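Reviewing the structure listed below.
In this text, all values refer to a predicted model and were calculated from it rather than measured experimentally.
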Amino acid sequence: MENINNTILEIRDLCVAYTADKLSVSHVSTDIPRNQITAIMGPSGCGKSTLLRAINRMHELYRGIQVSGELLIDGQDLLKINAMRVRREVGMVFQRPNPFPTMSIADNVLAGYSLNGIRLEKSMRQSIVEQSLKSVGLWNEVKDSLTKRGTFLSGGQQQRLCIARALALKPKLILMDEPTSALDPIATTTIENLLVELKNEVSIIIVTHNMGQAKRISQKSLFMYLGELVEGGSTEQMFSDPADRRTKSYLSGNIG
Amino acid sequence: MDKLKFRIFKSHLLHYSVVVLAALMAVPLVAILGKVAVEGFRNLTLEFLFQPAPTTYEAVMASAAGHAIPGGISNGLVGTLLMLLMSSAISIPVGILSGVFLAEHRSTVFAKVSSYMTDILQGTPSIILGVIVYAWIVIPMKGYSAIAGSIALCIMMLPLIVRSTEEAVKMLSSSYKEAALALGGSYFRTVWKVLLPSAFGQIFTGVLLAVSRIVGETAPLMFTALGCAIVQWDVTQPMSSVPLLIWQFFNNPTLQPLLWSASLVLLVFVLLLNVSSKIVTNKWKI
């Protein structure tokens with residue numbers, strides 16, 4: 001029972017195939033801990049983004065991608081309920097910052113509501129904008145320019161705006177697909193520190209190419225190789241004493 | 001060493017020929033604008049915009065008495081604006097929706113076929129569209145009318161708007177669409193709140209250019225709207241337009257002095273549309 005409470009998402013036998021003859025994610029089963037950061041590592045093309053995008057059903061936007069298995073969040077299978085409901089509960093932050101170019105900063109934060117057709121009262125809107133921007137540490141930087149377009153911000157600020165946009169809907173889980181790979185080291189550090197704080201509010205899965213980043217911020221790590229989940233466990237354990245030789249050779253820089 | 005000098009010389013030669021040729025390209029435009037402006041400005045008064053075209057009798061009487069030819073092109077202006085309005089009312093919404101569809105479903109066979117058909121429609125000579133609309137609308141309705149004219153113009157505008165919307169939506173990064181859908185947005189709201197606003201500048205530019213392309217169309221209107229000597233507001237009746245008036249002025253020796261002024265008005269209108277499309281593109285750049 002305790003185990004279930006500490007798990008936000010159970011991944012059971014998840015397979016994703018872009019073409020019928022090859023599994024890009026092959027029979028992955030693991031648990032994602034609640035209020036922690038889980039890092040998915042692995043070399044390019046190992047299926048880490050594919051796995052991540054299966055969780056909020058992004059693969060359904062494209063034709064011919066097959067997803068099977070179970071994704072249990074609070075006992076409910078994400079693959080069996082309405083995709084729009086899934087995406088409201090599971091937020092996503094992309095590799096490149098992508099605030100909506102025609103919307104102001106405030107409207108970007110509230111985009112989740114307007115895109116879901118939810119009308120909010122003015123006081124409610126203000127408090128959601130303020131709270132969301134505060135939780136990504138952007139409030140003091142932009143509070144006087146909330147009506148300016150989001151694309152005027154720097155890359156790092158834009159990415160934090162995108163995190164605020166995802167947080168505004170109060171999701172249970174946030175998926176991040178290499179959120180710092182397009183940013184400079186200072187902006188990267190800001191976002192890493194932010195994620196460490198945010199994990200108290202929300203569970204986070206982050207795909208990263210950067211082993212150091214996984215080591216710095218995550219509590220649990222998954223190592224994928226050629227579509228398989230090779231190893232998953234506490235980050236500390238994995239970096240100090242990896243069980244599989246493929247993990248060992250990846251971490252020591254021999255593959256990938 | 002000499003070889004190198006020769007290469008540098010060739011490079012300069014090419015560079016300057018490109019510059020000279022580019023400058024030469026502007027010559028026809030400047031010549032056209034100059035001629036129309038000089039000739040057209042002579043008879044252009046404010047009255048010219050608010051008076052209908054004179055009859056041959058009026059023109060003959062005026063020139064016999066040594067006066068300037070009275071009248072203007074108000075019947076054509078009203079007709080042009082009304083028919084533009086009617087054809088835009090149909091072609092803009094239909095064109096934008098089809099453009100979004102073609103961009104979003106670009107890999108389906110249906111989209112490929114309709115995209116190809118749009119190209120063919122765009123290439124159809126306008127005079128043939130006039131003949132077709134004459135057979136389809138004018139004959140069953142038992143008369144020429146502004147409605148028939150608008151339908152002909154609408155068919156001409158449609159492929160232009162479809163194409164420009166399609167290109168605009170295709171150029172948008174798919175990451176905006178993914179971000180909107182990843183927030184739980186429905187497909188309809190994603191299109192309405194994210195895709196269309198982001199592509200707005202380009203789509204609007206396309207609409208302006210489409211209007212500027214058809215505003216000078218004469219051939220399809222000869223078979224459909226026919227023309228009318230008075231200011232006509234009833235769209236079920238024959239109606240005039242500025243290019244139709246230019247054609248009539250050209251064919252009537254007594255009215256020829258009005259030819260240049262009418263051309264100038266039409267040219268200025270088209271230029272304004274083109275300039276505003278540039279402004280819109282720059283202003284709504286994302």
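- Contact of A:P99 with chain B is made through the backbone alone, with heavy-atom distances under 4.5 Å.
- Within the model, atoms CZ of B:R189 and CE of A:M84 stand 7.5 Å from one another, a figure rounded to the nearest 0.5 Å.
- More than 12 non-hydrogen atoms from other residues, nucleotides or ligands lie less than 6.0 angstrom from NZ of A:K143.
- When the shell of 6.0 Å around CD of A:Q131 is examined, it contains 12 or fewer heavy atoms from other residues, nucleotides or ligands.
- A:N116 contributes a side-chain N or O that, together with a main-chain N or O of B:L183, makes up a donor-acceptor pair within less than 3.5 Å.
- For a residue to count as touching a neighbouring chain, one of its non-hydrogen atoms must lie under 4.5 Å from one of that chain's; by this rule A:R53 touches chain B with the side chain only.
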A:M103/B:V194 under side-chain contact (heavy atoms from CB on, under 4.5 Å): CA gap, chis, key distance, verdict: CA-CA 9 Å; A:M103 295 187 194; B:V194 176; 4.2 Å; yes
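- Closest non-hydrogen pair, B:L181 versus A:R87, comes out as O-CD, 3.0 Å.
- When the shell of 6.0 Å around OH of A:Y113 is examined, it contains more than 12 heavy atoms from other residues, nucleotides or ligands.
- Shown here for A:T102 and B:P197, the closest heavy-atom pair between the two residues is CG2-O, 3.3 Å.
- In this structure, B:S174 OG and A:Y62 OH are separated by 4.5 Å, a value rounded to the nearest 0.5 Å.
- Pairing each heavy atom of A:N98 with each of B:S175, the nearest pair is ND2-O, 3.1 Å.
- Counting non-hydrogen atoms of neighbouring residues, nucleotides and ligands closer than 6.0 angstrom, the NZ atom of B:K278 reaches no more than 12 such neighbours.
- Closest of all the heavy-atom pairs between A:F100 and B:Y176 is CE2-O, 3.4 Å.
- With a 4.5 angstrom heavy-atom cutoff, A:R96 does not touch chain B via any of its atoms.
- Contacts of A:V90 with chain B are made by backbone atoms alone, with heavy-atom separations under 4.5 Å and no side-chain atom involved.
- With rounding to the nearest 0.5 angstrom, the CG atom of A:L61 is 10.0 Å from the CD atom of B:E104.
- In terms of heavy-atom pairs under 4.5 angstrom with chain A, the leader among B:G185, B:S186, B:S173, B:A182 is B:A182.
- Ranked by heavy-atom pairs under 4.5 Å with chain B, the list A:M58, A:M92, A:R88 is led by A:M58.
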